[in-house]
Amino acid sequence: MSDEVLIRAVEHGDFSQWRPLWDGYNAFYGRKRDTALPEAITKMTWSRFFDEHEPVYALVAEQDGLLLGLTHFLFHRSTISLEPTCYLQDLFTVEAARGKGVGRALIEEVYRRAEDAGSHRVYWQTHETNATAMKLYDKVAEKSGFVVYRKSL
């Protein structure tokens, strides 16, 4: 077994390994069983990664043919910048990969791709109770000081 982890764009043939990661990510945030996302959302999310007209992208972490983690990110316009802004929307690794640099490698690849796209900023959110992830985030980024408000419609 190799120690090398490859960070790469998701491919069509990855679905069967991507799906458990996606389900694990959603379960972490309470979206499971009765509160699981509708299948239509998962199908649409997957299809967006391969649609050249969509600004949504997916990376996976692979080791010895097994997917250990994922990240999804997108680009959007901003009223305070001419360049696109990169939003890192989802980040998840299997439990066995945590603390081994996989999450950091996924974030660093998003940084690289954002820079290649002309973006000057990458940002993301996490739940205030996600202390384990925040230990990593505090090392690779700075807290913005902003509080997120939302209203479901």
Side-chain angles (χ1 to χ4, degrees), residues 1-77 83-144 148:
M1 182 171 188
S2 169
D3 286 339
E4 185 177 341
V5 175
L6 172 67
I7 307 300
R8 62 170 176 79
V10 72
E11 299 170 355
H12 287 282
D14 292 329
F15 184 80
S16 65
Q17 288 194 67
W18 171 86
R19 180 62 190 260
L21 296 170
W22 173 242
D23 290 344
Y25 170 80
N26 283 299
F28 180 83
Y29 284 106
R31 297 182 294 261
K32 58 186 174 184
R33 293 186 289 281
D34 293 346
T35 58
L37 291 176
E39 187 64 21
I41 292 176
T42 293
K43 287 180 179 179
M44 179 59 75
T45 297
W46 180 254
S47 72
R48 285 177 173 155
F49 302 145
F50 305 102
D51 183 340
E52 66 185 41
H53 300 291
E54 288 283 352
V56 182
Y57 304 90
L59 301 173
V60 291
E62 178 184 3
Q63 184 179 46
D64 294 326
L66 298 175
L67 298 189
L68 305 177
L70 61 74
T71 188
H72 306 143
F73 59 102
L74 57 96
F75 293 98
H76 65 83
R77 299 188 192 285
E83 300 82 15
T85 298
C86 182
Y87 177 56
L88 192 162
Q89 187 166 10
D90 310 318
L91 178 68
F92 182 79
T93 65
V94 295
E95 193 166 341
R98 294 180 190 154
K100 297 181 179 177
V102 175
R104 178 188 291 262
L106 285 162
I107 292 169
E108 293 290 342
E109 184 61 16
V110 171
Y111 288 168
R112 190 187 70 73
R113 290 178 185 235
E115 189 172 25
D116 287 351
S119 184
H120 291 226
R121 182 175 61 164
V122 175
Y123 73 103
W124 63 91
Q125 309 175 67
T126 194
H127 195 272
E128 63 188 7
T129 61
N130 196 357
T132 300
M134 286 190 279
K135 288 177 187 173
L136 169 61
Y137 301 162
D138 288 343
K139 293 175 186 172
V140 299
E142 59 189 41
K143 290 181 183 173
S144 69
V148 175

- Query: Aromatic rings F49 and W46: how do their planes relate, parallel, tilted or perpendicular, breaks at 30° and 60°?
  - Reply: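 Correct class here is perpendicular.
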- Parallel, tilted or perpendicular for F75 and Y57, by the 30°/60° rule?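 F75 and Y57: perpendicular rings.
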- Message: When you measure from the side chain of Q63 to the backbone of D3, do you find a donor-acceptor pair of N or O atoms at a distance under 3.5 Å?
- Response: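 Yes; judged by distance alone, with no hydrogens or angles, the pair exists.
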- Compute the centroid of each ring, for W124 and then for Y87, and state whether the two points are separated by less than 6.0 Å.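 No, ring centres 6.0 Å or more apart.
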- Query: Centres of the Y123 and H76 rings: under 6.0 Å?
  - Reply: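 Ring-ring flag for Y123/H76: true, centres closer than 6.0 Å.
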Could you check whether atom [atom1] of [X] has more than 12 heavy atoms from other residues, nucleotides or ligands sitting under 6.0 Å from it?
X	atom1	result
M44	CE	no
E115	CD	no
E39	CD	yes

- Item | Salt bridge E109-R113, side-chain N to carboxylate O under 4.0 Å |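 Yes, E109 and R113 are salt-bridged.
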- Item | Partner set under ring pair (Phe, Tyr, Trp, His ring centres under 6.0 Å) for Y29, not counting sequence neighbours |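 Partners of Y29 under the ring pair (Phe, Tyr, Trp, His ring centres under 6.0 Å) test: Y25.
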- Task: Drop me the distance from F92's CZ to L67's CG, to the nearest 0.5 angstrom.
- Result: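 Atom-to-atom, F92:CZ and L67:CG are 12.0 Å apart.
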- Message: Which heavy atom of A61 sits nearest to which heavy atom of I7, and what is that distance?
- Response: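 Looking at all heavy atoms of both residues, the shortest contact is CB-CD1, 3.5 Å.
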